[in-house]
There are 2 protein chains.
Amino acid sequence: MINNSQYTEKLRNSGLRPTKQRIKICEVLFNTDKTFHFTINELVEKISKSTNHKISLATVYNTVHAFKKKGYVKEIPINSDQSYFDTNTSHHHHFYDESQKDLIDLDEADVEPVKINTKIPGKKIKSVEIIVKVEDDNT
Amino acid sequence: MINNSQYTEKLRNSGLRPTKQRIKICEVLFNTDKTFHFTINELVEKISKSTNHKISLATVYNTVHAFKKKGYVKEIPINSDQSYFDTNTSHHHHFYDESQKDLIDLDEADVEPVKINTKIPGKKIKSVEIIVKVEDDNT
DNA sequence: TCAATAGTTTAGAATGGTTATAATGTAAAA
DNA sequence: TTTTACATTATAACCATTCTAAACTATTGA
Ligand SMILES: [Mn+2]
Ligand SMILES: [Mn+2]
Ligand SMILES: [Zn+2]
Ligand SMILES: [Zn+2]
């Protein structure tokens, strides 16, 4: 829970101009206690519910990608028909329920750390992501 | 290395009609010693190089998805602009080089087994996939 | 044999998630 | 101010993927 002037500051500090559109998107993404997962379409839906001033779809894409680059949101690597993002930027992994198309955080304590015992010459590791796909248990 | 009549049999045994298109796709995917990773577009490219009879893009999609369902290919969960598939269907994880857009198999021996110490009520685990993103090491 | 029928497969056309780019806005320089 | 360079927005286009109608194939039974 934060007020608009703090988003203005946050944006300016990251080298992003604090435009009306970006502040609104900040509000929808960050003005909440809980973090959450979202698709671009779900975000557009949330925005249009909370304001009358329309923000174009492309601007939402631009902004989310800018925020991703700054580390304010993360993209979750599942192959769905659309991309999933996460306002929880701490290091954590995910369950993905393909029938519900639902992402669920996996507590860091509930996954043993992954150990990679090899490397590729000239490359360094940027991230390690685990996706645990689940399905209905009909036993 | 296998001949066409064996693909015919393989297809029939899986309940898929051994059409011209599917046999050709089998040849391109499986008539090789090494397994490999591919996108649909790369597969279409390979097909058109090895035959004059054109197979429509939609048919390639249909066939790859049918083969995926039968377990003859796997889909790799990276978020790229297009889906990646793998003719190596054994359990293994991947490096992904985002700059080269290149997938590299991670030997099973080089990753400690992942242990998930929690579960979702009514759901069972279908798969566990690790993607290790790498970038150029400029040190 | 060979229609008639039902189910399967193909592929052209449409969809829709995403991005390229032209128009617009903003701020620093002159 | 005016000029200039750069940043941002949002329309229009792209293209990966899927829908669906047409073509094909196997089965049935006369
Ligand atoms: Mn898919
Ligand atoms: Mn993306
Ligand atoms: Zn999460
Ligand atoms: Zn592989």
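Convention: sequence-line order gives letters A, B, ...; per-chain numbering from 1. Remember, it's a predicted structure, so these values are computed and weren't measured experimentally.
Nucleotide dT8(D) holds its P atom 16 Å from the NE2 atom of H53(A), rounded to whole Å. Rounded to an integer number of Å, the gap from L11(A) CG to dA7(D) P is 16 Å. If you measure from atom CD1 of I47(A) to atom P of dT9(D), you get 12 Å, rounded to the nearest angstrom. Counting to the nearest Å, the C1' atom of dT17(D) and the CD atom of E75(B) are 11 Å from each other. The distance from atom CD1 of I40(A) to atom P of dA10(D) is 15 Å, rounded to the nearest whole Å. The distance between atom NZ of K69(A) and atom C1' of dT8(D), rounded to the nearest whole Å, is 14 Å. The distance between atom NZ of K70(B) and atom C1' of dT8(C), rounded to the nearest whole Å, is 13 Å. Nucleotide dT10(C) holds its C1' atom 11 Å from the CD1 atom of I25(B), rounded to whole Å.
For the segment residues 12-24 of chain A, the set of residues with a heavy atom within less than 4.0 Å of an atom of DNA chain C comprises R17(A), in numerical order.
With sequence neighbours left out, the ring pair (Phe, Tyr, Trp, His ring centres under 6.0 Å) criterion links F38(A) to F36(A), F85(A). For the side chain to side chain donor-acceptor pair (under 3.5 Å) test, residues two or more places apart in sequence or in another chain that qualify with N117(B) are E112(A). Applying the salt bridge (Lys or Arg N to Asp or Glu O under 4.0 Å) test to K10(B) and every residue at least two apart in sequence or in another chain returns nothing. In this view, D97(B) and K123(A) satisfy the salt bridge (Lys or Arg N to Asp or Glu O under 4.0 Å) rule, not counting sequence neighbours.
K124(A) NZ: more than 12 foreign heavy atoms inside a 6.0 Å radius.
Judged by distance alone, the side chains of H37(A) and D105(A) do bring a donor and an acceptor atom under 3.5 Å apart.
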Please write out each protein N/O paired with an N/O of nucleotides 11-16 of chain D under 3.5 Å, distance rounded to 0.1 Å.
unit_1  : atom_1 : unit_2 : atom_2 : d
dA16(D) : OP2    : N41(B) : ND2    : 2.7

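When all heavy atoms of G71(B) and T89(B) are compared, the pair lying nearest together is O-CG2, 3.3 Å.
At a threshold of 4.0 Å, the pair E9(A)-R12(A) does not count as salt-bridged, since none of the basic side-chain nitrogens sits closer than that to a carboxylate oxygen.
Partner F95(B) forms a side-chain contact (heavy atoms from CB on, under 4.5 Å) with one of L103(B), I131(B), I130(B), V132(B) and no other, that one being V132(B).
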